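Here the structure is laid out as structure tokens; the discussion comes afterwards.
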Amino acid sequence: MAQWDSLWIDGHLATMVPGTAAYGAIRDGALAVQDGRIAWLGPRRELPGEPARCAATVHSLGGGWLTPGLIDCHTHLVFAGSRVHEFEARHGSHGSQGYEDAARQGGGILATVAATRGASPATLMAGARTRLQALLAGGVTTVEVKSGYGLDLDTERRLLQVARALGRETGMGIRCTFLGAHALPAGYAGRPDDYISFLCDTVLPALAAEGLVDAVDAFHERIGFSTAQVERLFARARELGLPVKLHADQLSEGGGAQLAARCGALSADHLEYSSEAGAAALAAAGSVAVLLPGAFHTLGETRVPPIDAFRRHGVPMAIATDCNPGSSPALSLPLMMNFACLRFGLTPGECLAGVTRCAARALGLGDRGTLAPGQRADLAAWDIGTPAELSYWLGYHPLRQAVIGGRPVTLH
Ligand code: NIG
Ligand code: FE
């Protein structure tokens, strides 16, 4: 009589549980799943019987490695239109236009807002579905999706509804973050405080009541929102019982990390211009530093986040794609691991923790991110000889199988 629904054998487990072994590795391991959760794992020799008698279905890892399904904890996945003309302008032969210049001239985020407001739910769904499938092909099973290209009640709702619908359709874990404070819409030009009031009084409470919001984010920047404006929005989030996250210190040092820490944020994201004091504040608050090397790369940034300070203070570091049409058209989380390794100096071990255990924490999710009994059976099986290989390839995904809630998924 089979004890479990399914079993993975013939390979090694990178459990990512902190401890003595690198990657929390169990060599020649076995992992059993029951009812969508991990029921047992350990060395294969400790299985209670022959594999075929232990589980209804037995999967071979082919000598490779099993990791937790990867978690992309910062994306702007749902949008319409393209910003490739801005890319072309930045890299033209007649001088280059900067990212902030484009934003100040009404392009940038607002160009995507215009395209997104005019798009039907079906169009938004089709674009986001294609991008989600690309992430899945890189071993991603959970994705955070931000709104922020609507900036009005109806369009912000549509973006979050599309994200929720994609979660139902694909079975992937989708976390919805409200980013109404992403840019100032034209109708509120010169009146940012009124726009924040509109978000606090109308948009956020309505969308929260509809169950569309898992967390609240804001763009704290000289081309975004001020400290006082973010504090007001986050106070409203707290009243509604919602956790917060912050786009912080991306383009300039503005005390964003300290602001995120003061607000008890799950994470502060970007952080190129953060200081030692910012790192200390994040550590004290237990906030995760989310590194976004795709935006660093795309914007030609040269200032690297204070990685050594994060290490010394014990700030967990996550890595995400920041997939968006402006600053990071990135659809490979393993490529972001490579960038974090080569451009920011993370070790391959820190990179894998950054897209599993630490990314789960950046989303406040305690049920995934490691291989351990009771965790969701969201898994990625890889044809690799060592977990470091996941940070090594540039744009190639040696994925053998992705598993969501115990079920292998078909890759398109
Ligand atoms: O994370 N910084 C603000 N938001 C995005 C960029 C969005 C855009 O340019 O469309 C980011 O980099
Ligand atoms: Fe972002």
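Counting convention: from 1, in listed order, for ligands and their atoms alike. Only a predicted model underlies this, so the values are computations on that prediction, with no experimental measurement involved.
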Verify the neighbour count for atom OH of Y392: are there more than 12 heavy atoms of other residues, nucleotides or ligands below 6.0 Å?
no

Ring centroids only, cut at 6.0 angstrom: are H182 and Y149 within range, meaning strictly under it?
yes

So for ligand 1, is S327 a polar contact partner (N or O within less than 3.5 Å, distance only)?
yes

How does E221 reach ligand 1, by side chain, by backbone, by both or by neither, if only non-hydrogen atoms under 4.0 Å count?
neither

Run the numbers for me: atoms of ligand 1, each under 4.0 Å from some heavy atom of Y149, listed by number.
7 (C), 8 (C), 10 (O)

Can you list the ligand 1 atoms lying under 4.0 Å from a non-hydrogen atom of R83?
8 (C), 9 (O), 10 (O)

Closest non-hydrogen atom pair between A183 and L151, with its separation
O-CD1, 3.5 Å

Do S6 and H59 have side-chain N/O donor and acceptor atoms under 3.5 Å apart?
no

For NE2 in H76 and OD1 in D322, the angle at the Fe ion (ligand 2) (nearest 10°) is 90°

Considering only N, O or S atoms of H247, the one closest to the Fe ion (ligand 2):
NE2

Taking only heavy atoms of Y99 into account, list the atoms of ligand 1 that are under 4.0 Å away from them.
6 (C), 7 (C), 8 (C), 9 (O)

Measure from the Fe ion (ligand 2) to each N, O or S atom of H270 and report whether any distance is below 2.8 Å.
no

Please could you name the atoms of ligand 1 that H182 approaches to less than 4.0 Å, counting only its heavy atoms?
3 (C), 4 (N), 5 (C), 7 (C)

May I ask you to list the atoms of ligand 1 that are less than 4.0 angstrom from any heavy atom of I109?
7 (C), 8 (C), 9 (O), 10 (O)

Looking at the Fe ion (ligand 2), is one of the N, O or S atoms of D217 less than 2.8 Å from it?
no

State the atoms of ligand 1, each with its element, that fall below the 4.0 Å cut-off from a heavy-atom position in H74.
1 (O)

Can you sort out which atoms of ligand 1 are near D322, meaning under 4.0 Å from one of its heavy atoms?
1 (O), 11 (C), 12 (O)

Using a distance-only test with no angle check, is there a side-chain donor-acceptor pair under 3.5 angstrom linking D28 and H12?
no

Ignoring hydrogens and angles, state whether a donor on the side chain of D194 or S197 is under 3.5 Å from an acceptor on the partner side chain.
no

Would a line drawn from the ring center of F339 to the ring center of F296 be shorter than 6.0 Å?
no

Quick check: are there more than 12 heavy atoms from other residues, nucleotides or ligands sitting under 6.0 Å from NE2 of H313?
yes

Ring centre gap for H247 and H76 strictly below 6.0 Å:
yes

Checking a contact table here: which protein heavy atom is nearest atom 2 (N) of ligand 1, and how many Å away?
Q250 OE1, 2.9 Å

